[in-house]
Protein chains: 2
Amino acid sequence: MKQKNIYIVDDHVLFANALSNLVNSFPEYNCDRIFSNGAELVEALQQGEKEPDIILLDVKMPVMDGIATMRWLHQNKPDLKVLTLSMEDNELTIIQMIKYGAGGYLLKDIDPKTLKKALDLIDEQGYYYTDMVTETLMRTINGDKKQSEVDFKDNELRLIELACSERTYTEIAEEMNLSPKTIDGYRQAIFQKMGVKTRVGMVIYAIKHGLVQI
Amino acid sequence: MKQKNIYIVDDHVLFANALSNLVNSFPEYNCDRIFSNGAELVEALQQGEKEPDIILLDVKMPVMDGIATMRWLHQNKPDLKVLTLSMEDNELTIIQMIKYGAGGYLLKDIDPKTLKKALDLIDEQGYYYTDMVTETLMRTINGDKKQSEVDFKDNELRLIELACSERTYTEIAEEMNLSPKTIDGYRQAIFQKMGVKTRVGMVIYAIKHGLVQI
DNA sequence: ATAAAAAACAGGAAATTGCCCCATCAAAAA
DNA sequence: TTTTTGATGGGGCAATTTCCTGTTTTTTAT
């Protein structure tokens, strides 16, 4: 029997390691590597490292969060199977993740049996949608939800996340290795898309729409 | 060699199980039982069940959360050694937990080695305080005596609420029929109490602590 | 290879925020 | 009564944010 390789992407080292142990306790699966954020995963894949059979991707992470990572994977490695893991059942996040090709969206409070089942099904058929996810999708399709049709670019999302802190824009620019003036340009674009006039407005919009987790 | 028994209290089944696996991977420790909230633990202890050597207690749980559980343990089983686990380094939570006799406060993103070390030290000397905890305690002591009870005055709460919007402070002053300078005074007091440096910091603190609904 | 589009960057200026130290006045405490 | 405290308001100033106007560089498409 050939084992399936699993990558875990999660900034909570303890959880990631523990999850890795759990995965390895299933004889059919083997957790190869743990990444503490999306950027590390992306870098590894770009270096041409061996690709896993399934990725377990945390939604909330620093540096490059789950949504940004999922978007990158969708564009660059559309065939990779990904199970996203989250603490909360944030409707917008679910929709975005599925839209970007995630094969499933699990809450972190599922039990090991369900995880096993999800791994099995995603391996076989490429997806495993819980009732929660299908319900959300149904509601969305039936149009009763005000899906924010705005979508932000990776850099914009990154700025939004960093702006939800006490950093100044100059500090954010340093962190993103860009000129403060570029950041200012992103900021204006974001304000425009969100329809806000101040940084506080941006922060509240971001939190309301699940663009950042606090 | 006699193994030390560990109880885990966490509502995230996946995390709890994974953590349990991790603990069991240390030869010196053995995780006996997992409880999904504080109430279950309390009930078990009241029934006279065997007491563990160390409890790993999650802070954020439904039914009976970590703080409530810690308080009960402090009153009823003061000798039990407890390590609290949390996602965030919330200053107030840290203080309360330590006040109620928690032997340590770990973020969930620590690595397994640190967990092992924490277990060892808490077993030996009854406590393991990270730099984060000691720093917080220092700040609290050096700050002022009633720091543990951060309560905001009505006017401050009103300002906090109005500040969670795109209003300028001048507009807020008009809305509250006060001078902008008075508002500025409130703002400084709020910053002090919250330990923040910017309005964005205030907004995020307010949302995190449920001071405003968004 | 070249034109078009985008991303990155800049100068300048007004508005807002954040941070000092200080004044007044009334109520409470000593 | 005297002192202290707290709420209110002020002047001034530096840092930051916000909003314009652009130019240069890189990517993309034809």
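Atoms considered below: every heavy atom in the structure, side chains included; atoms not considered: hydrogens, waters and symmetry mates. Lettering of chains follows the sequences in order, A, B, ..., and the numbering in each one begins at 1.
Within 6.0 Å of atom CZ in F26(A), more than 12 heavy atoms from other residues, nucleotides or ligands are found, so the atom counts as buried in its surroundings. In K113(B), the NZ atom is not crowded: 12 or fewer heavy atoms of neighbouring residues, nucleotides or ligands sit closer than 6.0 Å.
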Quick one: do D123(B) and Y128(B) satisfy side-chain hydrogen bond (donor to acceptor under 3.5 Å, both in side chains)? Show the steps, please. CA-CA 9 Å; D123(B) 179 48; Y128(B) 170 78; over 6 Å; no
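Dashed line: the shortest gap from a side-chain N or O of R199(B) to OP1 or OP2 of dT16(D) is not under 4.0 Å. Regarding contacts with the backbone of dA15(C), every side-chain N or O of Y169(B) stays at 4.0 angstrom or more from both OP1 and OP2.
The shortest side-chain heavy-atom distance between Y169(B) and R199(B) falls under the 4.5 Å cut-off.
Atoms CD (E156(A)) and P (dA6(C)) sit 13 Å apart, rounded to a whole Å. Between the CE atom of M202(A) and the C1' atom of dT16(D) there is a distance of 13 Å, given to the nearest Å. In this structure, CG of L159(A) is placed 14 Å from P of dC9(C), rounded to the nearest angstrom. Spacing between atom NZ of K193(B) and atom C1' of dG6(D) amounts to 12 Å, rounded to whole angstrom units. As a whole-Å value, the separation of E174(A) CD from dC9(C) C1' is 16 Å. For the pair R167(A) CZ and dA15(D) C1', the computed distance is 18 Å after rounding to whole Å. Rounded to whole Å, atom C1' of dT16(D) lies 11 Å from atom CZ of R187(A). The CD atom of Q188(A) sits 13 Å away from the C1' atom of dG12(C) (whole-angstrom rounding).
Relative orientation of the F15(A) and F15(B) rings is parallel, given thresholds of 30° and 60° on the angle between their planes.
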Can you check nucleotides 9-11 of chain D for protein contacts, nitrogen or oxygen pairs under 3.5 Å, and list what you find?
unit_1: dG9(D); atom_1: OP2; unit_2: S179(B); atom_2: N; d: 3.0
unit_1: dG9(D); atom_1: OP2; unit_2: T182(B); atom_2: OG1; d: 2.6
unit_1: dG9(D); atom_1: O5'; unit_2: T182(B); atom_2: OG1; d: 3.2
unit_1: dG10(D); atom_1: OP2; unit_2: S179(B); atom_2: OG; d: 2.7
unit_1: dG11(D); atom_1: N7; unit_2: K181(B); atom_2: NZ; d: 3.1
unit_1: dG11(D); atom_1: O6; unit_2: K181(B); atom_2: NZ; d: 2.9

Please list each protein N or O that sits under 3.5 Å from an N or O in nucleotides 24-27 of chain C, with the distance.
none

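In this structure, D184(B) pairs ionically with R187(B), as a charged nitrogen and a carboxylate oxygen lie closer than 4.0 Å. Salt-bridge check for K116(A) with E28(A): passed, with a basic side-chain N closer than 4.0 Å to an acidic carboxylate O.
Summarising the geometry of V82(A) relative to I122(A), their closest heavy-atom pair is O-CD1, 3.5 Å, with the distance given to 0.1 Å.
The side chain of T198(B) lies closest to dG18(C) when the candidates are dA6(C), dA7(D), dG18(C). If you check dT17(D), dT17(C), dA6(C) against the side chain of K153(A), the one that comes closest is dA6(C).
Among the atoms of the strands shown, none is found under 4.0 Å from any heavy atom of T170(B).
Annotation: of the two residues near DNA chain D, V196(A) and E171(A), the 5′-most nearest-nucleotide partner is E171(A).
Rounded to the nearest 0.5 Å, atoms NZ (K81(B)) and CD1 (I54(B)) are 6.5 Å apart.
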